[in-house]
Amino acid sequence: MRKIIHIDCDCFYAAIEMRDDPRLRNRPLAVGGDPGKRGVIATCNYEARSYGVHSAMASAYAKKLCPDLLIVPGRMSVYREVSAAIQAIFHEYTPLVQPLSLDEAFLDVTDSQACRGSATLIAQEIRQRVYESQQITVSAGVAPNKFLAKIASDWDKPDGLTIILPDQVDAFVLALPVSKLHGVGKVTAARLHRLGVDTCADLRHWRKADLAKEFGSFGERLWQLARGIDERPVVVDRTRQSVSVENTYDQDLPDLAACIAALPPLLDKLAQRLGRLEGEYRVSKPFVKLKFQDFTQTTLEQTGAPVTPEGFTELCRQAFARGERPVRLIGVGVRLDNANSPLGEQLLLF
């Protein structure tokens, strides 16, 4: 039986901005891009969320929902510095730390001797230390596995601590909406609702074979989650799966020729990011992502395609053919595999 803690900083970027400038407190605040230049909200405080503003929302739309919303540009170097300080606190309790982003991480404290081996006390102490050292709050969830710990950390936000003890797992999961299950997005949730499945209690009426028939390999995962089963370990060394860059344009790119003309600076930036990677990787395949005028998007990747300007041009051509309409965003990237040969050899393809 594992003891897993999931810690999630509360509105991380916005919290740091309010910490550093108290004038920003108690008013709707977001960190993101310029509404006039098709910026996107990275995060926002809880005052802004009360208006329906959320991350990944277009800044212009966020301003419509909340005319008084103040949008400030991000300061990534500051956020990384705070994140590193918080991660250092985690490592004082366990070496088994799996960061998911700058503002959240899983900790496996099963064998930790800190706080008399109590995961609850460890979570309480970490939350207190983060606040005392960084003046921002974090929420934490404590549970026997990653799936439940992540749900628990979101249960009582902000500045919350939720504990799910082993003997509480069954009752907790039975009442859980299926939309809370790891991997269940809007499409899958809607499909489950159409089948009359709203909670995990409903899901438990389904046999594993029937779920597999209806949802493929994910069906077995649903069967396990509905019973609170999640055997995923906390992974310390996470290898990079991909590297990419993208850009949202102030004005839609009207046709394929304009999209192709926009590729060179993106490819230059992609090559720079690849060059800064630590470790050894092999580029397995390139990909191109297009977001069209109507916000629909497509991603095209191809194993064996040349990682060259010509290769990306051909992928862009094929991706554009799927929409045949003006483009607001282009992304380019590569999938990565571990390799014994240095990544630098792959970069020669650029």
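Everything numeric in this text was worked out from a predicted model, so none of it was measured. When reading the values below, keep in mind they use all heavy atoms of this one structure, side chains included, and skip hydrogens, waters and symmetry mates.
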Salt-bridge criterion met for [X] and [Y] (N-O under 4.0 Å):
X: K157; Y: D154; answer: no
X: R191; Y: E214; answer: yes
X: D111; Y: R2; answer: no
X: E314; Y: R317; answer: yes
X: R325; Y: D294; answer: yes
X: D20; Y: R75; answer: yes
X: D159; Y: R127; answer: yes
X: R27; Y: E47; answer: no
X: E104; Y: K150; answer: yes

Would the number of heavy atoms belonging to other residues, nucleotides or ligands and lying under 6.0 Å from [atom1] of [X] be above 12?
X: Q87; atom1: CD; value: yes
X: K269; atom1: NZ; value: no
X: D34; atom1: CG; value: yes
X: E132; atom1: CD; value: yes
X: K64; atom1: NZ; value: no
X: E231; atom1: CD; value: no

How long is the straight-line distance from [atom2] of [Y] back to [atom1] of [X], given to the nearest 0.5 Å?
X: E92; Y: E125; atom1: CD; atom2: CD; result: 9.0 Å
X: L100; Y: D8; atom1: CG; atom2: CG; result: 9.0 Å
X: I260; Y: T313; atom1: CD1; atom2: OG1; result: 5.5 Å
X: S139; Y: D156; atom1: OG; atom2: CG; result: 7.0 Å
X: I136; Y: I86; atom1: CD1; atom2: CD1; result: 4.0 Å
X: F90; Y: L107; atom1: CZ; atom2: CG; result: 5.5 Å

[X]-[Y] co-clustered via ILVMFWY side chain contacts under 4.5 Å:
X: L267; Y: L300; result: yes
X: V334; Y: L263; result: yes
X: I151; Y: L203; result: yes
X: V109; Y: I89; result: yes
X: L225; Y: I4; result: no

Trace of the side chain to side chain contact (heavy atoms under 4.5 Å, CB included) decision for R328 with F292: CA-CA 6 Å; R328 59 181 283 117; F292 296 103; over 6 Å; no
D252 vs K291, salt bridge (charged side-chain N to carboxylate O under 4.0 Å, His left out): CA-CA, chis, key distance, verdict: CA-CA 10 Å; D252 293 335; K291 182 178 290 186; over 6 Å; no
Is there a donor-acceptor pair closer than 3.5 Å between any side-chain N or O of R19 and the backbone N or O of Q134? yes
Look only at the side chain of N145 and the backbone of G228, and say whether a donor-acceptor pair between them is shorter than 3.5 Å. yes
Taking C-beta and beyond as the side chain, do [X] and [Y] meet within less than 4.5 Å on heavy atoms?
X: Y131; Y: Q128; value: no
X: E246; Y: I330; value: no
X: Y13; Y: M76; value: yes
X: L174; Y: T199; value: no
X: V142; Y: L161; value: yes
X: F312; Y: V307; value: yes
X: L336; Y: L274; value: yes

Go through the steps for D230 and Q224 under the test side chain to side chain contact (heavy atoms under 4.5 Å, CB included), then give the verdict. CA-CA 7 Å; D230 181 15; Q224 293 176 334; over 6 Å; no
Report yes or no: is the cationic atom of R49 (NZ for Lys, CZ for Arg) closer than 6.0 Å to the six-membered ring centre of Y46, at no more than 45° off its axis? yes
Relative to W206, does R204 satisfy both conditions: NZ or CZ under 6.0 angstrom from the six-membered ring centre, and within 45 degrees of the ring's axis? no
Which pair of non-hydrogen atoms, one from [X] and one from [Y], has the smallest distance, and what is that distance?
X: G74; Y: Y79; value: CA-OH, 3.5 Å
X: S59; Y: I71; value: CB-CD1, 3.8 Å
X: P35; Y: K63; value: CG-CG, 3.9 Å
X: L253; Y: A262; value: CD1-CB, 4.0 Å
X: F320; Y: L290; value: N-CD1, 3.4 Å
X: L29; Y: A48; value: O-CB, 3.8 Å

W155 and F172 aromatic centres sub-6.0 Å: yes
For the aromatic rings, using the six-membered ring if either is Trp, is the centroid distance between F147 and H182 under 6.0 Å? no
Step by step, would you call K146 with Q98 a side-chain hydrogen bond (donor to acceptor under 3.5 Å, both in side chains)? CA-CA 11 Å; K146 293 168 74 172; Q98 180 182 342; 2.9 Å; yes
Go through V245 and Q272 one step at a time and tell me if the side chain to side chain contact (heavy atoms under 4.5 Å, CB included) criterion holds. CA-CA 10 Å; V245 297; Q272 292 170 13; over 6 Å; no
With a 3.5 Å cut-off and no angle check, do the side chains of Q113 and Y93 form a donor-acceptor pair?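 No pair is found: no donor N or O on one side chain lies under 3.5 Å from an acceptor on the other.
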Worked verdict on V169 versus I164 for side chain to side chain contact (heavy atoms under 4.5 Å, CB included): CA-CA 6 Å; V169 167; I164 304 175; 4.0 Å; yes
